[in-house]
Amino acid sequence: RERNDGLSYTVTYLLAKMCDELVLGALATCGVTAFVFFGVQLQGEWVCFWIGYYVSLCVGIVLAYFVASISPNMDVANALLPLYC
């Protein structure tokens, strides 16, 4: 919506939204992965488990925001995103 209204460029919108989501995602995944890692008593290092989970989350977030930023509206974005998988 902001892109169509001329309020921001696609790159500006994409970077702002990604930074916001990735920072919050990093904080949220720390608790989730710690709960799973220690609750299931996985072996190895928790940091490696967290990095794998966080990178997977980042790929999904970046892909979703990229498709949303280049789409003319949310209906098109919702139709295009599942085609990637």
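Quick caveat, the model's predicted, so the values are computed rather than measured.
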If you look only at distance, which donor and acceptor atoms sit under 3.5 Å apart when one is on a side chain in residues 15-36 and the other is two or more places apart or in another chain?
unit_1, atom_1, unit_2, atom_2, d
Glu21, OE2, Tyr65, OH, 3.3
Thr29, OG1, Gly25, O, 2.9
Thr29, OG1, Ala26, O, 3.2
Thr29, OG1, Trp50, NE1, 2.8
Thr33, OG1, Thr29, O, 2.6
Thr33, OG1, Cys30, O, 3.3
Thr33, OG1, Trp46, NE1, 3.2

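Note: Cys58 SG to Ile51 CD1 = 11.0 Å, rounded to the nearest 0.5 Å. Between atom CZ of residue Phe38 and atom CZ of residue Phe49 there is a gap of 10.0 Å, rounded to the nearest 0.5 Å.
Applying the ring-ring contact (aromatic ring centres under 6.0 Å, His included) rule to Phe66 yields no partners; only residues at least two apart in sequence or on another chain are considered. By the side-chain hydrogen bond (donor to acceptor under 3.5 Å, both in side chains) test, Tyr53 is found to be paired with no residue, residues two or more places apart in sequence or in another chain being considered.
Considering Asn73, Asp75, Val67 in turn, Val67 is the only one that fulfils the side-chain contact (heavy atoms from CB on, under 4.5 Å) rule with Ser71.
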